[in-house]
Amino acid sequence: GNLTSGVFINKTRFLSPRQGQQGAFVQYRAGSAGTFGINYLHQNEGGESDVLSVRALSPLYSSTEIDVEYGISGGSGLRDDAFSLRLFGNEPGISYEARYIDAGPGYRGYFRDLKLKTLTVTAEPWRYLRLEGYFRDEERNVAHDSLRASAPKDVYYQFGVGYHDRVSLSYRSGEQK
């Protein structure tokens, strides 16, 4: 029906001490309004932690969808949160994806200690001609913790043109601080 759920258990075989994860999720498909869910993860990887997140994936219009997730984690004396927003679509002649992630330094989920913004756009104004653009702004060690080796910030962009899938020409620029 409209309700989906699942559980999993992972344990390492070759690492010592052994590490493990247990997780569960429940999601509900609300017809044309989208899919809404809740996720739980317990990890024992150099300290125990728990992550709880809620997620919504919903169509905005035509071929465009929005994916929003908010998570909170705790364990080993750390408590933090993370937020993710993704907008993506594939209209006739153009496809795009924009993403924003803000995960605190104590967040124990997949992303942590990160601020990330990306934008990708591909347009096909004429048959076989492709125009592409990509932008990425990524900051690590967002709390500027002096005990870590660095607090890198990368800004990167690329523009290009391509013909069919055979040839393309791109200009790329990046800056790392």
Side-chain angles (χ1 to χ4, degrees), residues 2 4 6 23 25-41 51-73 80-145 148-177:
N2 292 333
T4 303
F25 72 93
V26 176
Q27 66 183 29
Y28 178 73
R29 182 177 305 277
S32 62
T35 302
F36 305 91
I38 187 165
N39 308 291
Y40 171 75
L41 174 67
V51 179
L52 182 67
S53 74
V54 291
R55 182 178 181 205
L57 178 63
S58 181
L60 287 180
Y61 54 88
S62 139
S63 298
T64 298
E65 292 189 33
I66 188 167
D67 184 352
V68 180
E69 186 170 14
Y70 174 77
I72 189 164
S73 71
D80 217 334
D81 63 350
F83 175 76
S84 171
L85 173 67
R86 181 174 167 242
L87 178 72
F88 56 99
N90 193 5
E91 305 289 336
I94 189 167
S95 62
Y96 45 89
E97 177 181 35
R99 183 172 227 178
Y100 175 76
I101 297 172
D102 187 346
Y107 186 68
R108 305 305 297 167
Y110 182 76
F111 294 106
R112 72 177 58 125
D113 206 6
L114 170 73
K115 286 190 180 190
L116 174 70
K117 295 173 251 185
T118 64
L119 175 64
T120 304
V121 178
T122 302
E124 294 182 11
W126 300 284
R127 186 178 173 146
Y128 301 127
L129 181 67
R130 187 178 65 254
L131 305 173
E132 302 169 326
Y134 177 74
F135 170 79
R136 180 182 188 98
D137 183 337
E138 178 178 352
E139 182 179 351
R140 299 250 176 211
N141 190 5
V142 295
H144 298 115
D145 182 354
R148 301 180 96 193
S150 65
K153 179 172 174 67
D154 297 323
V155 177
Y156 169 90
Y157 61 90
Q158 177 174 318
F159 300 101
V161 60
Y163 178 76
H164 207 259
D165 287 333
R166 305 198 191 303
V167 65
S168 66
L169 179 64
S170 296
Y171 171 78
R172 183 182 327 179
S173 178
E175 179 180 5
Q176 185 176 51
K177 296 180 182 179

Would you find more than 12 non-hydrogen atoms of other residues, nucleotides or ligands less than 6.0 Å from Lys153 atom NZ?
->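 Yes, enclosed.
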When you look at OH of Tyr110, are more than 12 heavy atoms from neighbouring residues, nucleotides or ligands closer to it than 6.0 Å?
->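 Count not over threshold, so no.
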Looking only at heavy atoms, which two atoms of [X] and [Y] are closest? And how far apart?
X      : Y      : value
Asp80  : Gly106 : OD2-N, 2.9 Å
Arg140 : Arg112 : NH1-O, 4.1 Å
Phe36  : Ala56  : CD2-CB, 3.5 Å
Leu119 : Ala98  : CD1-CB, 4.0 Å

What distance do [X] atom [atom1] and [Y] atom [atom2] have between them, rounded to the nearest 0.5 Å?
X      : Y      : atom1 : atom2 : answer
His144 : Glu139 : NE2   : CD    : 4.5 Å
Ile66  : Ser58  : CD1   : OG    : 8.0 Å
Lys115 : Tyr100 : NZ    : OH    : 5.5 Å
Glu132 : Gln158 : CD    : CD    : 7.5 Å
Asn141 : Leu114 : CG    : CG    : 11.0 Å
Ile38  : Glu69  : CD1   : CD    : 11.0 Å

Are the side chains of [X] and [Y] in touch, meaning some heavy atoms are under 4.5 Å apart?
X      : Y      : result
Asp102 : Phe111 : no
Tyr96  : Glu91  : yes
Thr4   : Thr35  : no
Pro105 : Val142 : yes
Thr118 : Glu97  : no
Phe88  : Thr120 : no

Could you list the donor-acceptor pairs under 3.5 angstrom formed by side chains in residues 26-34, with sequence neighbours left out?
none

Has Arg136 got its NZ or CZ under 6.0 Å from the middle of the six-membered ring of Tyr134, at an angle within 45 degrees of the ring axis?
-> no
Residues forming a side chain to side chain contact (heavy atoms under 4.5 Å, CB included) with Phe159, sequence neighbours excluded =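 With sequence neighbours excluded, Phe159 shows a side chain to side chain contact (heavy atoms under 4.5 Å, CB included) to Tyr157, given in chain and number order.
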Hey, are Asn90 and Ser63 close enough side-chain-wise for a donor-acceptor pair under 3.5 Å?
->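 No pair is found: no donor N or O on one side chain lies under 3.5 Å from an acceptor on the other.
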Looking at Arg130 and Asp165, does any basic side-chain N land under 4.0 Å from a carboxylate oxygen?
-> yes
